[in-house]
Amino acid sequence: DPHLFKNYTVDTLEDKKVNRRQLLEMCGLQADDDTVVIGMVGRLTSQKGLDLVQCVLSDILEQDVRMIVLGTGDYEYEQMFINAKWQYPNKISTNIMFSADLANKIYAGCDLFLMPSLFEPCGLAQMIAMRYGTLPLVRETGGLKDTVKPYNQYTGEGTGFSFTNYNAHEMLGVIGKACYLFRHNKEAWKAMQVKGMTSDFSWDHSAQDYMNVYEDTVKNWYFPFLLGQRKGNKRKPMWCAPAHSEGENQQGVQFHNRQGSACAEPCFCIRTQSKDVGCICKKSARAPEITQSGLTKRTVDFILKRNEIYP
């Protein structure tokens, strides 16, 4: 990364301290090795959880921390950080602007990345922070919950910290726990840094997860939803299963129609909880057993369509 003061990897993680030291110097701040440097990069809006920060910003800055903020947004939150800089000149650096250069320096030079979003469909900043060895502290919502595994003090697992409820003091408590871990358990902190830096968020990983789901669905298909027979406003449970599947639902799957001939092509057998109703395929979709079962044409067509997709 050309924006960093010094590049580093998992194997040279000690060089992250060079970025930390020079970032603080660049922002006009000083801190020793036990002072937690907290970074925030992004839009300064309520959606990003700035109303939570507003409630407890003084409490955060009263602790032994340094804070570096970069972004633009709502006037209210811009002024909040500007006033905090005036009140705590040696503890916070407020940068109301956009700067890709400074953003990367913050990702690399901070110890903790604060992202307490109200909602976050995906979120990129927390994944970028992890790649740079900066532990994210997030609210458990959307993509933040999916990508950040909270620290478990008993197993040592985790790639960051999180809180559940949209509550400022719950967030403040987790910040306190993260600061305590940073000061008193450097080994656990470094282990989380390594896990975060080596996490795989690429489409190679996600695509394989999708493929596994699809393959399992085709291999072990047994419709988990109820098709149902309508009787007035009530629906009698009815299941649909592939006629040529294997496994625990084998009994009654090879259905013989009333003429006594087995269906010769892939099909679906329809049965209620108590008895078989009929076999649906292109040849038998309009058989009496099916039309009398109460299934609508739309349902039959749906099953046939599924059969064509997954023969």
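Worth knowing before you read on, the calculation uses all heavy atoms, side chains too, and leaves out hydrogens, waters and symmetry mates. No experiment lies behind these values; they were computed from the predicted model shown.
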Measuring only between side-chain heavy atoms, which start at C-beta, is [X] closer than 4.5 Å to [Y]?
{"X": "M40", "Y": "V53", "value": "yes"}
{"X": "N95", "Y": "L102", "value": "yes"}
{"X": "L52", "Y": "Y166", "value": "yes"}
{"X": "Q30", "Y": "N90", "value": "no"}
{"X": "R66", "Y": "D64", "value": "yes"}
{"X": "L112", "Y": "V37", "value": "no"}
{"X": "M115", "Y": "P136", "value": "no"}
{"X": "T159", "Y": "S199", "value": "yes"}

Does the side chain of [X] come under 3.5 Å of the side chain of [Y] through a donor N or O and an acceptor N or O?
{"X": "E14", "Y": "Y8", "result": "no"}
{"X": "D209", "Y": "S206", "result": "no"}
{"X": "Q87", "Y": "N83", "result": "no"}
{"X": "S162", "Y": "Y151", "result": "no"}
{"X": "D74", "Y": "T45", "result": "no"}
{"X": "D200", "Y": "S202", "result": "yes"}
{"X": "E170", "Y": "N165", "result": "yes"}
{"X": "Q126", "Y": "E120", "result": "no"}

Taking all non-hydrogen atoms of both residues into account, name the closest pair between [X] and [Y] and its distance.
{"X": "G133", "Y": "Q193", "value": "O-NE2, 2.8 Å"}
{"X": "L29", "Y": "K85", "value": "CD2-NZ, 4.4 Å"}
{"X": "D111", "Y": "R20", "value": "OD2-NE, 3.0 Å"}
{"X": "G73", "Y": "E78", "value": "N-OE2, 3.0 Å"}
{"X": "L50", "Y": "F81", "value": "CD1-CE1, 3.4 Å"}
{"X": "K105", "Y": "H3", "value": "NZ-O, 2.6 Å"}

Euclidean distance, [Y] [atom2] relative to [X] [atom1], rounded to 0.5 Å:
{"X": "K91", "Y": "I38", "atom1": "NZ", "atom2": "CD1", "value": "10.0 Å"}
{"X": "M127", "Y": "L144", "atom1": "CE", "atom2": "CG", "value": "9.0 Å"}
{"X": "E76", "Y": "D51", "atom1": "CD", "atom2": "CG", "value": "8.5 Å"}
{"X": "K190", "Y": "L135", "atom1": "NZ", "atom2": "CG", "value": "13.0 Å"}
{"X": "L70", "Y": "C27", "atom1": "CG", "atom2": "SG", "value": "9.5 Å"}
{"X": "D11", "Y": "T9", "atom1": "CG", "atom2": "OG1", "value": "4.5 Å"}

Group every Ile, Leu, Val, Met, Phe, Trp and Tyr by side-chain heavy-atom contacts under 4.5 Å, then state whether [X] and [Y] land in the same group.
{"X": "I106", "Y": "M97", "value": "yes"}
{"X": "L4", "Y": "Y107", "value": "yes"}
{"X": "L23", "Y": "L61", "value": "no"}
{"X": "I96", "Y": "F98", "value": "no"}
{"X": "I68", "Y": "V18", "value": "no"}

Might you work through the side chain to side chain contact (heavy atoms under 4.5 Å, CB included) test for C179 and V65, ending with a clear yes or no?
-> CA-CA 8 Å; C179 292; V65 302; 3.9 Å; yes
So among V41, I128, L137, V148, which one has a side-chain contact (heavy atoms from CB on, under 4.5 Å) with F113?
-> V41
Around [X], counting heavy atoms of other residues, nucleotides and ligands shown, do more than 12 lie under 6.0 Å from its [atom1]?
{"X": "Q47", "atom1": "CD", "result": "yes"}
{"X": "K145", "atom1": "NZ", "result": "no"}
{"X": "E140", "atom1": "CD", "result": "yes"}

Just do the side chain to side chain contact (heavy atoms under 4.5 Å, CB included) check on F161 and K149 with the steps written out, would you?
-> CA-CA 7 Å; F161 306 90; K149 189 172 184 179; over 6 Å; no
Would T35 and D33 satisfy side chain to side chain contact (heavy atoms under 4.5 Å, CB included), going step by step from the backbone distance to the final call?
-> CA-CA 6 Å; T35 300; D33 290 342; over 6 Å; no
Test I60 against L172 for side chain to side chain contact (heavy atoms under 4.5 Å, CB included), laying out the working first.
-> CA-CA 7 Å; I60 294 172; L172 182 63; 3.8 Å; yes
Would a distance-only check, ignoring hydrogens and angles, find a side-chain to backbone donor-acceptor pair under 3.5 Å from [X] to [Y]?
{"X": "N212", "Y": "Q208", "result": "yes"}
{"X": "T147", "Y": "G143", "result": "yes"}
{"X": "R139", "Y": "F163", "result": "no"}

Does K186 count as lying over the ring of F182, i.e. NZ or CZ under 6.0 Å from the six-ring centre, within 45 degrees of the axis?
-> yes
Using the six-membered ring of Y132, assess whether NZ or CZ of K16 lies under 6.0 Å from its centre and within 45 degrees of the ring axis.
-> no
Does the salt bridge (charged side-chain N to carboxylate O under 4.0 Å, His left out) test come out yes or no for D15 and K6, once each step is laid out?
-> CA-CA 7 Å; D15 289 338; K6 186 174 184 179; 3.4 Å; yes
W189 and Y180 aromatic centres sub-6.0 Å | no
